[in-house]
Amino acid sequence: MADRAYDLVIYGATGFTGQLVAEYLARHAGTRSAEEPLRWALAGRSREKLRRVADALPEGADVGLIEADAGDGRSLEAMAAQARVLVTTVGPYAQLGEPLVKACLAAGTDYLDITGEPAFVDQLIERYDAEARDAGVLIINCCGFDSIPADLGTLFTVQQLPDGAPKSVRAYVKTRGKPSGGTWASLIGALADGIPKKAGSRGSGAGGTKRSGPKRKNMHREPLVGGWSLPMPVIDPLVVKRSSRAHPAYGEGFRYAQYLRLGSLAQVASLMGGIAGLFALSQTAPTRRWLLSRRPSGAGPSEEERAKGFFALTFIGESAGKQVVTRVSGGDPGYDETSKMLSESALLVASARDTLPIKGGVVTPAAAMGEALIERLQAVGIQFEVVSS
Ligand SMILES: NC(=O)c1ccc[n+]([C@@H]2O[C@H](COP(=O)([O-])OP(=O)(O)OC[C@H]3O[C@@H](n4cnc5c(N)ncnc54)[C@H](OP(=O)(O)O)[C@@H]3O)[C@@H](O)[C@H]2O)c1
C-alpha cells in the first residue's frame, strides 16, 4: 500500500458534489494526517475538466489528476491501483457504480460512496461482501446525508440506553435543501425502477443475514417533536438495521423506525401530491427525459441557497423503561454536509484504518467507523447531543 501514488482519490471530482468534496479536502486534508500531508488526486472522465476544477481550488492545493471512464473497466482498474482509498461521487450508482467496486476489489483499494440507492447496495452485498471480507477491502456505502446522520445518530442514541433489555429507536427527520442534477437523476431512476421489496435487507458477515421487523407507525403526531410525522421509505432504516447486527451496543431485539416530520397537514398533502406526480412522470421515457432536463448533471443549489439549508434528526430511544432523546443536526444536508461527511469518512479510513473495528466487507458507516467518525464530525460542526434523559 505504501507504494501507491495516492492516499486518496476522488472520482467524480468534476460533478456538483465532487467539486465540493475537492474544496473541502483542499482546506482540511493537510491538517488531518499525522506526519505528512495527504497525497490525493482528482479523477474523472475528462482531464480538461479536472484541470479546471484543480485550478479553482484554494491556492497551494497539491493534487494529481487521473482520467478514468465508468464505461472503461481498464481505466478504472488503473485508477484504483494508484489509490489506497477511493471515494466516488459518480452516480446514479445503479447505472455507473458497480464496475468501480469490482476494480477496487481487484486492486485491494478501500471504497466509499454516497449512494442512497437501496437496489445498488443490495446488489453489492450479494455479489461482493464475501469477496471483500476475504480480501480485507472495505466497501462503505451511504457516507453522505444518506445515511450518516441516521446511522451514527442511532449508534449515539443506543449508547445512552441501558444494556440488557431490547432497545428501540424512532428517528424524526426535519430538513431543508434543494437537490442537484445528480440527486434528481438518482431519484427519477429509483422511481422508474421501483424499489425492490427486499432492498438492503440481505447481506452476511459484517452486514448480517437476520432481519428484525420494524414496528412502524403510520402517519402520527409525536408530542416530543410536534407537527405530523410520516414513515420515510428511504435507505436509512435498512442501513441502521445492518449496523445493529455488526455492533454490540444495539443488543438483541433492536428496533428502528424513521419518520419525516412536517409542520402541517397541508405540507403532508403537498408532499404526497408531489411524489405521486413524480412517480407517474418517471414511468415513460419521454416524460422521464423531460423530468431529467429540469435539473441537468453538474447543476445544484447555489452557495446562498445552501446557506439556508439545515437538517435535524431527533431520536427517541427506549429500553427497560428508560427514555432518552438525542439530536443530530447540521447545515445544508445534500451538499455542504454530505461533502464534509464523505471527506471525513475518507480521511478517517486513509489515516487510521488500523484502528477500525472491521477490516473488510460491504459495510455500513456505523459498523466500519462508528465512534471515531462521530468524534471527527463533531470536531467539524455536526452536532450530536443528548436533549433529555
Ligand atoms: N446520499 C446523499 O446524501 C447524496 C448527496 C448528494 C449526492 N448524492 C449522489 O451523488 C451522485 C452525484 O451527484 P451530483 O449531483 O454530484 O452529480 P453530477 O453533478 O451529475 O456529477 C456526476 C459526476 O459523475 C461523472 N460521470 C458521469 N458519467 C460518467 C462516466 N461514464 N465516467 C466517469 N464519470 C462520469 C460526471 O462527470 P462529467 O463532469 O465528466 O460529466 C460527474 O463528475 C448522485 O448519484 C447523487 O444521487 C447523494
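Each ligand, and each atom within it, is numbered from 1 in the order the structure gives.
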Plane angle bin for Tyr250 and His247 - parallel if under 30°, tilted between 30 and 60°, otherwise perpendicular: perpendicular
Proximal atoms of ligand 1 relative to Lys49 (non-hydrogen, under 4.0 Å): 38 (P), 39 (O), 40 (O), 41 (O)
Mutual orientation of the aromatic rings belonging to Tyr335 and Phe16 [parallel < 30°, tilted 30-60°, perpendicular > 60°]: perpendicular
Exceeds 12 heavy-atom contacts within 6.0 angstrom, atom CD of Glu305: yes
Per-atom contacts of ligand 1 with Ser180, taking only distances under 4.0 Å to non-hydrogen atoms: 14 (P), 15 (O)
Closest protein heavy atom (residue, atom, distance) for atom 41 (O) of ligand 1: Arg45 NH2, 2.8 Å
Where ligand 1 meets Gly91 - atom numbers and elements under 4.0 angstrom, heavy-atom basis: 45 (O)
Close approach, Tyr335 and ligand 1, non-hydrogen under 4.0 angstrom: yes
Heavy-atom nearest neighbour in the protein, as seen from atom 7 (C) of ligand 1, with distance rounded to 0.1 Å: Thr183 OG1, 3.4 Å
May I have the list of side-chain donor-acceptor pairs in residues 60-70 shorter than 3.5 Å, sequence neighbours left out?
residue : atom : partner : partner atom : Å
Glu67   : OE2  : Arg47   : N            : 3.1
Asp69   : OD1  : Gly71   : N            : 2.8

Distance-minimising heavy-atom pair for Val9 and Ala43: CG1-CB, 3.7 Å
Ala346 versus Leu8, closest heavy-atom pair with distance: CB-CD1, 3.6 Å
Exercise: identify the closest heavy-atom pair between Thr326 and Gln160: CG2-CG, 4.2 Å
Distance from atom 20 (O) of ligand 1 to nearest protein heavy atom, with residue and atom: Ser297 OG, 2.5 Å
From Thr89, Ile148, Leu96, Asp69 - option closest to atom 11 (C) of ligand 1 by heavy atom: Thr89
Selected option - heavy-atom contact closest to atom 26 (N) of ligand 1, from Thr14, Val90, Val234: Val90
Phe16 N/O under 3.5 Å from ligand 1 N/O: yes
Proximal ligand 1 atoms for Thr338, defined as those under 4.0 Å from one of its heavy atoms: 3 (O), 5 (C)
Test side-chain hydrogen bond (donor to acceptor under 3.5 Å, both in side chains) applied to Arg261 and Thr314, step by step: CA-CA 10 Å; Arg261 182 202 166 291; Thr314 303; over 6 Å; no
Numbered atoms and elements of ligand 1 in range of Thr17, under 4.0 angstrom, heavy atoms: 6 (C), 7 (C), 13 (O), 14 (P), 15 (O), 16 (O)
4.0 Å heavy-atom contact, Gly44 with ligand 1: no
Per-atom contacts of ligand 1 with Gly15, taking only distances under 4.0 Å to non-hydrogen atoms: 19 (O), 21 (O), 42 (C), 43 (O)
Closest protein heavy atom (residue, atom, distance) for atom 9 (C) of ligand 1: Ile114 CD1, 3.9 Å
Minimum-distance protein heavy atom relative to atom 5 (C) of ligand 1: Gly334 O, 3.2 Å
For atom 17 (O) of ligand 1, the protein heavy atom that lies nearest, with its residue and separation: Gly182 CA, 3.2 Å
side-chain contact (heavy atoms from CB on, under 4.5 Å) partner of Tyr93, the single match among Leu124, Val101, Val121, Thr88: Thr88
Short side-chain donor-acceptor distance under 3.5 Å, Arg4 and Tyr6: no
Ligand 1 contact by Gly298, heavy-atom criterion under 4.0 angstrom: yes
Contact (N/O only, under 3.5 Å) between Ala68 and ligand 1: no
Numbered atoms and elements of ligand 1 in range of Gly12, under 4.0 angstrom, heavy atoms: 43 (O)
Tyr11: numbered ligand 1 atoms lying under 4.0 Å from its heavy atoms: 32 (N), 33 (C), 34 (N)
Spatial distance of atom CD1 (Ile382) from atom CG (Leu152) [nearest 0.5 Å]: 9.5 Å
Any Gly300 heavy atom less than 4.0 Å from ligand 1: no
Closest non-hydrogen atom pair between Lys49 and Thr14, with its separation: CB-CG2, 3.6 Å
Closest heavy-atom pair and its distance - Leu38, Ala350: CD1-CB, 4.3 Å
Nearest protein heavy atom with distance in Å, relative to atom 32 (N) of ligand 1: Ala70 N, 2.9 Å
Residue selection (non-hydrogen contact nearest atom 45 (O) of ligand 1) among Ser186, Ser339, Gly181, Pro179: Ser186
Qualifying residue for side-chain contact (heavy atoms from CB on, under 4.5 Å) with Thr364, from Ser243, Cys142, Ser244: Ser243
